[in-house]
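Convention: sequence-line order gives letters A, B, ...; per-chain numbering from 1.
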Amino acid sequence: MQLTLKVWRQKNGNAQGRFEHHNIEAEEHMSFLEMLDVLNEKLISEKKEPVAFEHDCREGICGACSMVINGRPHGPQTGTTTCQLHMRAYKSGDTITIEPFRANSFPVIKDLVVDRSSFDRIIQAGGYISVNTGQAPDGNTIPVEKDQASDAFDSATCIGCGACVAACPNGSAMLFTSAKVNHLEQLPQGKVEHNRRVKDMVKQMDKEGFGKCSNVGACSVECPKEISVENIAALNRHYLSSVFVKK
Amino acid sequence: MKLDSKVPEGPLAEKWTKYRGSMNLVAPNNKRRLEVIIVGTGLAGASAAATMGELGYNVKAFTFHDSPRRAHSIAAQGGINAAKNYQNDGDSVYRLFYDTIKGGDYRSREANVHRLAECSTEIIDQAVAQGVPFAREYGGLLANRSFGGVQVSRTFYARGQTGQQLLIGAYSALSRQISLGNVKMYNRHEMLDLVLVDGKARGIITRNLLTGELEKHAAHCVVLATGGYGNVFYLSTNAMGCNVSAAWRAVKKGALMANPCFTQIHPTCIPVSGEYQSKLTLMSESLRNDGRVWVPKKLEDAKAIQEGKKTGLDIPEEDRDYYLERRYPAFGNLVPRDVASRAAKTATDEGKGVVRTGLGVYLDFADAIDRYGKAAAHSKGIDNPTSSQILELGEEVVSQKYGNLFQMYEKITGENPYKQPMKIYPAVHYTMGGIWVDYNLETNIPGLFALGEANFSDHGANRLGASALMQGLADGYFVIPYTIGQFLSNEIRTPKFDNNLPEFNAAEKDTRTRIERLMSVNGNQSVESFHRKLGKIMWEYCGMSRNAEGLTKGIKLIQELREEFYKDVFVPGDQNEFNPELEKAIRVEDFLEMGEVMMRDALDRNESCGGHFREEYRSEEGEAKRNDEDYTYVAAWEWKEGGQPQVHKEELTFENVELKTRSYK
Ligand SMILES: Cc1cc2nc3c(=O)[nH]c(=O)nc-3n(C[C@H](O)[C@H](O)[C@H](O)COP(=O)(O)OP(=O)(O)OC[C@H]3O[C@@H](n4cnc5c(N)ncnc54)[C@H](O)[C@@H]3O)c2cc1C
Ligand code: SF4
Ligand code: FES
C-alpha cells in the first residue's frame with residue numbers, strides 16, 4: 001500500500017518543530033513501527049537522519065512507544081498501543097499524521113521522543129508499600145478475595161505510557177496517578193500507608209505541572225490498557241478523606 | 001586460569017544457610033561509606049539496588065531506559081516458580097532443585113541451583129508484601145499453574161503479565177529508596193566501559209543518551225544486571241534494546257563469558273511474516289497446558305495449506321499428526337522447550353509446515369474448548385447442551401484463562417484463534433550463557449558481580465519455564481546483598497575513588513575513540529542491515545541445530561561481516577546529541593564479536609545438551625546425546641584481542657543427583 005506520512009521533526013527540545021512529508025510503500029502485515037523502520041531505512045540510505053521514536057518491547061507492555069497518530073495517542077484502535085497497531089488498519093492512499101505526545105510535563109527531546117520522567121517522580125513520592133526485603137510474612141498469611149485481587153490487578157496493569165496525559169485537554173495525570181493509588185489501596189498490604197500515599201502523590205503530580213482533571217474522560221478512552229475513569233472518582237474520594245483525616 | 005567456584009563445604013541442603021550465617025558482615029556505619037554501582041534495573045538490578053539501599057550502602061543505579069519500569073523483564077508473561085507446595089502435590093525445595101538440574105541437562109552447578117530453589121519461597125512472600133496482585137483462588141489464597149517440563153503446579157502468576165507486576169514491585173521498592181536518597185538513579189545512561197584499578201572493578205564509563213556526554217563513575221565495586229544477549233540473532237522475543245554490551249565490555253576487560261552457545265529457542269512464538277520483521281512475539285508457554293500441537297500427516301495437505309488452498313480446519317482428525325503426544329507420551333505437549341522446538345523443526349524440515357514460508361505448526365484449542373464447554377454446561381446443570389452452547393461456554397473458559405494472549409495473537413496476525421488453530425514457530429528467547437560467576441555471583445575480576453540473565457549460573461544448557469524471574473529476583477533480593485559483603489568487608493578502609501584517576505581517563509578516552517571511529521566510517525549500509533545479516537548467520541549456523549562444518553563457516557562469515565562493518569557502516573547524526581542510531585551501532589559492534597565466541601563455543605562442545613543440539617551427536621531416535629565423560633564442565637571463554645578466544649574449564653561435580661539421560665517419553 002502507498003501511504004503519505006506527515007511526521008513531526010524537531011531536532012531537540014529548544015528547536016522549532018515542523019511537519020515533514022514522506023511517501024512510503026508498506027505491507028498490511030507490518031506493525032506500525034515496522035512501517036516507520038522502513039521509512040528510517042529509506043532516510044538512512046539517503047544519508048538523512050532517521051525519525052527518532054521511542055519503542056522497546058514492541059508487544060504493548062513496556063510503555064515506551066508514544067506517538068499521536070491522526071490526532072489520537074496510540075492511534076485508532078481501543079486497548080492498543082502504537083507498537084501493536086498493524087497496517088491492516090489503513091488502506092492504500094491514506095495520509096497519516098504522526099506527532100509526539102504533547103503536554104507541558106512531557107517536554108520533547110527529539111522528533112517523537114518526549115521526557116516522561118515526571119511519572120517516575122510521582123511514583124517516588126509514594127507509589128509503593130514500605131516493606132524492606134526479608135520482612136514479609138508468608139504469602140498466604142493474608143487471604144485476598146479473588147475479585148478484589150482482580151480489581152487491584154486491573155488498576156495495576158497501567159504501563160506508564162502517558163497517553164492519558166496526551167489525550168487530556170488539560171494535560172492531567174489523574175488516570176495514571178489514580179491507577180497506582182487504587183492498585184495499592186485495594187490490597188490489604190497497601191491500606192496501611194494509604195492516606196499519606198494519596199496526599200504525597202497528588203502533591204507531586206501538581207508540582208510537576210500536570211493540569212487539573214475536569215472529568216473529560218478522554219484519558220480512559222485512549223488508554224491502551226483501558227484503565228477505568230472510576231479510578232479517578234475513587235482517588236477524588238480518597239483525596240478528600242485523606243485531607244480531612246486527623247493527624 | 002583456575003576457576004574457583006567457591007562453593008561452601010557441607011551437605012547440599014545446608015550450604016547456603018550455614019554460609020549466610022558465617023559470611024563477613026559490613027557494619028552499618030561502614031556501609032554508608034561504601035559505594036556500589038549497579039548497571040541495569042530490570043528484575044535483578046532493581047531488586048538488588050533496592051535491597052542494598054535498604055541495607056545502607058550508597059548505591060548508584062544505571063539504565064539505558066528512560067525509566068527502570070521499562071526493562072525487558074516487564075514482558076515476561078507466564079509466571080514465576082516457587083517451591084511453596086501450596087497445592088500439596090508433592091513439591092519441595094529438593095524437587096524444584098532436581099527439576100532445574102535435570103531441565104538444564106546437567107550442565108549447571110548444584111549448589112547454586114539448590115540455593116535458588118531455597119530462595120524461591122521468600123520471593124513470593126516479598127512480592128505479595130509489595131502489592132503484586134498474583135492470581136488467587138476463591139478462598140483468597142494464591143493460585144498456581146503448571147509449566148512445561150515439570151509435573152507439579154508451582155508457578156505463581158498475575159494473568160499473562162507476571163513480569164510486569166513483579167517488575168513494578170521491584171521498581172516501587174527501588175523508587176522508595178530513590179526518594180529516601182539511598183539510591184541515586186541514572187536513567188538514559190548506557191555503560192560503555194568497565195574501569196579497573198589495580199585489577200579490581202572500580203567504576204564505569206557511561207554515555208548520557210540525551211546529551212551524548214561521556215561520564216566517569218567510580219565506586220568500590222560494580223554489579224552488572226544487564227540482561228541477556230538473545231538479540232545477537234536479530235530476531236528474537238527480546239525487546240529491541242536488549243544487548244550484550246555491558247557484559248561484553250567486561251569480557252574485554254578480562255571477565256569470562258561462560259557457555260555462550262547455550263541459547264534457548266522457545267517453541268511457541270508467532271511465525272515470521274516478512275522481511276521487514278523487527279522482532280518476534282512470544283505466546284506464553286502456559287498455552288501448551290491446553291493447546292495441542294500438530295501438523296498434517298500428508299505432505300500434500302501441508303502444501304495446500306502453505307499455498308492458502310486449505311486451512312487447518314479442512315484436515316480431518318485422522319490426517320493430523322499430534323507429534324509431541326506421539327513422540328513423548330509421558331509429557332505430551334508439555335515437554336521442555338528445547339525438545340518441543342526441535343520437534344517443530346523436524347516436522348517443518350519434512351515439509352509439513354502450515355504457513356506460507358513453511359516455518360510454522362499448529363497449536364490447537366478446539367479440544368480444550370470442547371472439554372471446558374462440556375464441563376461448564378454440566379456445572380450449570382444444562383443436560384443436553386447443543387454444540388453451539390458447548391462452544392460458547394468453552395470459549396468463555398478459554399478466554400478467562402488466555403484472553404489477553406488470544407487478543408495479542410489476533411492483533412498481530414489478524415486471525416481469530418478461537419476459530420482457527422494458532423500458528424506458532426520456535427524463536428530465540430533466552431540466553432542461559434553469560435558472564436562466569438562463582439557462588440558469590442562474583443566474576444573472575446574482583447569486585448565485579450553479575451546477576452540475572454546476564455550471568456550463566458543456574459540454568460545449565462536449558463532453562464525451565466518461569467525460572468528466569470525466579471533467578472533474577474533471588475539474585476537481587478536474597479543473594480547479592482549478602483555475598484557482596486565477602487568483597488566489601490575488606491574494603492571498609494578503602495577511601496572513595498576519584499574519577500580522575502588515570503584509569504578512568506584512559507577508559508573514557510578509549511570510549512571516545514571508539515565512538516569517533518564508528519561515526520567516521522561514513523559508509524553506505526545502515527546499522528540495522530548489519531544486524532540483520534549477523535542474525536541470519538547466527539540463526540543459520542548456530543540456531544536450533546548446529547554442526548561442525550556450519551559453525552566453521554559461520555565463524556568466517558562473522559569475521560568478514562565485522563570487517564565490512566568497519567568499512568561500510570553509516571551512522572547518521574552527531575555523537576553529542578540524542579542519537580538512537582549511534583546507540584544501536586555500539587551494540588551491534590559488540591554483537592559482532594559475541595557471535596563469534598558463541599560459534600566457537602558451539603564448535604568446541606562436541607555433544608548435544610539442552611538447547612545446544614549438534615547434529616553429529618544424536619541417538620538413533622534423533623534425540624540429543626550428551627557426553628558426560630568429556631563435557632561435564634562450564635566453558636568459560638577469554639577474549640584475546642586480535643587472537644583466538646581461549647576456553648577455561650570449570651568441572652561440574654554432581655554429588656547429589658545422578659546424571660541420567662533426560663527422557664520425556
Ligand atoms: C517475551 C518474554 C517472556 C518471558 N516470560 C518469562 C516468564 O514467564 N517467566 C520467567 O521466569 N521468565 C520469562 N522470561 C525471561 C525473563 O523475563 C528474563 O530473563 C528476565 O526478566 C531478565 O531479567 P534481568 O533483570 O536479568 O534483565 P532485564 O530485565 O533485561 O534488564 C536489563 C537491564 O539492564 C539495563 N542495561 C542493559 N545494558 C545496559 C548498559 N550497557 N548500560 C546501562 N543499562 C543497561 C537495561 O536498561 C535494563 O534495565 C521471558 C522473556 C521474554 C523475552
Ligand atoms: S493510565 Fe493508561 S494511558 Fe495512562 S499511563 Fe497508564 S496505561 Fe498509559
Ligand atoms: S514498544 Fe513497548 S509498549 Fe509499545
K.L.:
Should B:M283 and B:I270 count as side-chain neighbours, where that means a heavy-atom distance under 4.5 Å?
P.N.:
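Yes, at least one pair of side-chain atoms sits under 4.5 Å.
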
K.L.:
Taking atom CD of A:E54 and atom OG1 of A:T82, what is their separation to the nearest 0.5 Å?
P.N.:
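OG1 of A:T82 is found 12.0 Å from CD of A:E54.
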
K.L.:
With chain A as the partner, which of B:Q407, B:Q161, B:Q165, B:R159 has the greatest number of non-hydrogen pairs under 4.5 Å?
P.N.:
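The answer is B:R159.
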
K.L.:
Does A:K191 NZ have over 12 foreign heavy atoms under 6.0 Å away?
P.N.:
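Enclosed: over 12 neighbouring heavy atoms sit under 6.0 Å from NZ of A:K191.
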
K.L.:
Output the option from A:A89, A:G79, A:P137, A:A152 having the highest count of non-hydrogen pairs under 4.5 Å with chain B.
P.N.:
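The option with the most such pairs is A:P137.
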
K.L.:
By a 4.5 Å heavy-atom criterion (distance strictly below it), what part of B:N522 contacts chain A: side chain, backbone, both, or neither?
P.N.:
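For B:N522, heavy atoms of backbone and side chain both lie under 4.5 Å from chain A.
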
K.L.:
Ignoring hydrogens and geometry, is there a side-chain-to-backbone donor-acceptor pair from A:D200 to A:G126 under 3.5 Å?
P.N.:
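A pair under 3.5 Å: no.
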
K.L.:
What part of A:Q84 is in contact with chain B, defined as an atom under 4.5 angstrom from a non-hydrogen atom: side chain, backbone, both or neither?
P.N.:
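Both parts, heavy atoms under 4.5 Å.
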
K.L.:
Measuring only between side-chain heavy atoms, which start at C-beta, is B:Y171 closer than 4.5 Å to A:Y128?
P.N.:
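Sidechains of A:Y128 and B:Y171: no contact.
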
K.L.:
Hey, could you give me the CE/CG distance between B:M240 and A:L33, rounded to the nearest 0.5 Å?
P.N.:
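One gets 8.5 Å once the value is rounded to the nearest 0.5 Å.
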
K.L.:
Which one wins on heavy-atom pair count under 4.5 Å against chain B: A:R116, A:Q135, A:Q77, A:R88?
P.N.:
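Looking at each option in turn, the highest pair count goes to A:R88.
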
K.L.:
If I measure from the heavy atoms of chain B, does A:D37 come under 4.5 Å with its side chain, its backbone, both, or neither?
P.N.:
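A:D37 touches chain B through side-chain heavy atoms alone.
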
K.L.:
For A:Y90 and A:F32, take the angle between the two ring planes, folded into 0 to 90°, and tell me which bin it lands in: parallel under 30, tilted 30 to 60, perpendicular over 60.
P.N.:
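Answer is tilted, since the angle falls between 30° and 60°.
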
K.L.:
Non-hydrogen atoms of chain B under 4.5 Å away: do they reach the side chain of A:E27, the backbone, both or neither?
P.N.:
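It is the side chain, since no backbone atom gets that close.
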
K.L.:
Can you tell which of A:T141, A:V113, A:D120, A:L184 has the highest number of heavy-atom pairs within less than 4.5 Å of chain B?
P.N.:
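So the answer, after comparing A:T141, A:V113, A:D120, A:L184, is A:D120.
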
K.L.:
Please state whether the rings of B:H189 and B:Y186 are parallel, tilted or perpendicular, taking 30° and 60° as the class boundaries.
P.N.:
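Taking B:Y186 first and then B:H189, their aromatic rings stand perpendicular (interplane angle over 60°).
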
K.L.:
By a 4.5 Å heavy-atom criterion (distance strictly below it), what part of B:I178 contacts chain A: side chain, backbone, both, or neither?
P.N.:
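Answer is side chain: those atoms of B:I178 sit under 4.5 Å from chain A.
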
K.L.:
Could you tell me which portion of B:Q77 (side chain, backbone, both or neither) has an atom closer than 4.5 angstrom to a non-hydrogen atom of chain A?
P.N.:
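For B:Q77, side-chain heavy atoms alone lie under 4.5 Å from chain A.
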
K.L.:
Non-hydrogen atoms of chain B under 4.5 Å away: do they reach the side chain of A:T157, the backbone, both or neither?
P.N.:
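Interface part for A:T157: both.
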
K.L.:
Check whether B:Q130 gets within reach of chain A through its side chain, its backbone, both or neither, counting any heavy atom under 4.5 Å.
P.N.:
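Both parts, backbone and side chain.
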
K.L.:
Examine whether an atom of A:H29 lies under 4.5 Å from a heavy atom of chain B, and if so say whether it belongs to the side chain, the backbone or both; otherwise answer neither.
P.N.:
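Both parts, backbone and side chain.
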
K.L.:
Do other residues, nucleotides or ligands put more than 12 heavy atoms under 6.0 Å from A:E46 CD?
P.N.:
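Result for CD/A:E46: enclosed.
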
K.L.:
Could you pull out all residues at least two apart from A:T133 that satisfy side chain to side chain contact (heavy atoms under 4.5 Å, CB included)?
P.N.:
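If we apply the side chain to side chain contact (heavy atoms under 4.5 Å, CB included) test to A:T133, skipping adjacent residues, the hits are B:T51, B:E54, B:Q126, B:Y477, B:F478.
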
K.L.:
I need the residue from A:M35, A:H86, A:Q189 with the largest number of non-hydrogen atom pairs under 4.5 Å to chain B.
P.N.:
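Looking at each of A:M35, A:H86, A:Q189 in turn, A:H86 comes out on top.
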
K.L.:
Using non-hydrogen atoms and a 4.5 Å limit, figure out which bit of B:L280 sits close to chain A: side chain, backbone, both or neither.
P.N.:
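Backbone of B:L280 only, per the 4.5 Å heavy-atom cut-off to chain A.
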
K.L.:
So for B:D66, is it side chain, backbone, both, or neither that comes closer than 4.5 Å to the heavy atoms of chain A?
P.N.:
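When you check distances to chain A, atoms from both the backbone and side chain of B:D66 fall under 4.5 Å.
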
K.L.:
Between the side chains of B:D568 and B:Q525, is a donor N or O closer than 3.5 angstrom to an acceptor N or O?
P.N.:
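Judged by distance alone, the side chains do pair up.
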
K.L.:
What residue in B:H72, B:Q277, B:E122, B:Q177 has the most heavy-atom pairs under 4.5 Å with chain A?
P.N.:
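Max contact count across the listed options: B:Q277.
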
K.L.:
Go through the atoms of B:I168 and report whether side chain, backbone, both or neither lie under 4.5 Å from a heavy atom of chain A.
P.N.:
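Contact with chain A is through the side chain of B:I168 alone.
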
K.L.:
Taking atom types as modelled, find out whether B:T237 and B:H429 have a side-chain donor-acceptor pair closer than 3.5 angstrom.
P.N.:
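Checked: B:T237/B:H429 side chains pair up, N/O donor to acceptor below 3.5 Å.
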
K.L.:
Quick check: are there more than 12 heavy atoms from other residues, nucleotides or ligands sitting under 6.0 Å from CZ of B:R356?
P.N.:
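For B:R356, atom CZ is not crowded (no more than 12 foreign heavy atoms under 6.0 Å).
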
K.L.:
Select one option (side chain, backbone, both, neither) describing which atoms of A:K48 are under 4.5 Å from chain B's heavy atoms.
P.N.:
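The answer is the backbone of A:K48.
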
K.L.:
Give the member of A:D147, A:I129, A:L187 that has the highest number of heavy-atom pairs under 4.5 Å with chain B.
P.N.:
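Ranked by contacts with chain B, first place is A:I129.
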
K.L.:
Sort B:R188 into side chain, backbone, both or neither according to what part of it lies under 4.5 angstrom from a heavy atom of chain A.
P.N.:
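Contact with chain A is through the side chain of B:R188 alone.
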
K.L.:
Give, for atom CZ of A:F119 and atom CZ of B:R69, the distance between the pair rounded to the nearest 0.5 Å.
P.N.:
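Between atom CZ of A:F119 and atom CZ of B:R69 there are 8.5 Å.
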
K.L.:
Without hydrogens or angle criteria, can the side chains of A:S105 and A:E208 be said to hold a donor-acceptor pair below 3.5 Å?
P.N.:
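No pair is found: no donor N or O on one side chain lies under 3.5 Å from an acceptor on the other.
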
K.L.:
Is the CD atom of B:E410 crowded by more than 12 outside heavy atoms at less than 6.0 Å?
P.N.:
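Yes, the 6.0 Å shell around CD holds more than 12 heavy atoms from other groups.
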
K.L.:
Below 4.5 Å from any heavy atom of chain B, which atoms of A:E34 appear? Answer side chain, backbone, both or neither.
P.N.:
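Contact with chain B: side chain only.
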
K.L.:
Just checking, any donor-acceptor pair under 3.5 angstrom between side chains of B:R70 and B:N187?
P.N.:
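Absent: no donor and acceptor within the cut-off.
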
K.L.:
If you count heavy-atom pairs within less than 4.5 Å of chain A, which of B:G274, B:G414, B:P68, B:S278 leads?
P.N.:
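Option with the greatest count: B:S278.
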
K.L.:
Rounded to the nearest 0.5 Å, what separates atom CG in B:L210 from atom CG in A:D115?
P.N.:
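Answer rounded to 0.5 Å: 7.0 Å.
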
K.L.:
Is it the side chain or the backbone of B:T413 that comes within 4.5 Å of chain A heavy atoms, both, or neither?
P.N.:
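Only the backbone of B:T413 comes within 4.5 Å of chain A.
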
K.L.:
Is A:S45 close to chain B through its backbone or its side chain, or both, or neither, when contacts mean heavy atoms under 4.5 Å?
P.N.:
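For A:S45, no heavy atom lies under 4.5 Å from chain B.
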
K.L.:
Go through the atoms of A:I159 and report whether side chain, backbone, both or neither lie under 4.5 Å from a heavy atom of chain B.
P.N.:
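Contact with chain B involves both backbone and side-chain atoms of A:I159.
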
K.L.:
Pick one of side chain, backbone, both or neither for B:S273, based on which atoms fall under 4.5 Å of a heavy atom in chain A.
P.N.:
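For B:S273, the contact with chain A is made by the side chain alone.
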
K.L.:
Is a side-chain donor-acceptor pair under 3.5 Å present for B:Y409 with B:N404?
P.N.:
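No, no side-chain donor-acceptor pair sits under 3.5 Å.
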
K.L.:
Flag the pair A:K11 and A:E49 as a salt bridge only when some basic side-chain nitrogen lies within less than 4.0 angstrom of an acidic carboxylate oxygen.
P.N.:
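Salt bridge between A:K11 and A:E49, a charged N being under 4.0 Å from a carboxylate O: yes.
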
K.L.:
Decide yes or no on side chain to side chain donor-acceptor pair (under 3.5 Å) for A:S130 and A:E193, but give the supporting numbers first.
P.N.:
CA-CA 8 Å; A:S130 299; A:E193 298 166 272; 2.5 Å; yes

K.L.:
Which atoms of A:I109 come close to chain B, meaning under 4.5 Å heavy atom to heavy atom: side chain ones, backbone ones, both, or neither?
P.N.:
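Contact with chain B: side chain only.
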
K.L.:
Examine whether an atom of A:V114 lies under 4.5 Å from a heavy atom of chain B, and if so say whether it belongs to the side chain, the backbone or both; otherwise answer neither.
P.N.:
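For A:V114, the contact with chain B is made by the backbone alone.
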
K.L.:
Please determine, among A:E145, A:R58, A:H183, the option with the most heavy-atom pairs under 4.5 Å with chain B.
P.N.:
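Of the candidates given, the most pairs with chain B belong to A:R58.
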
K.L.:
Which residues in residues 571-583 of chain B have any heavy atom closer than 4.5 Å to a heavy atom of chain A?
P.N.:
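So the qualifying residues are B:P572, B:G573, B:E577, B:F578, B:P580, B:E581.
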
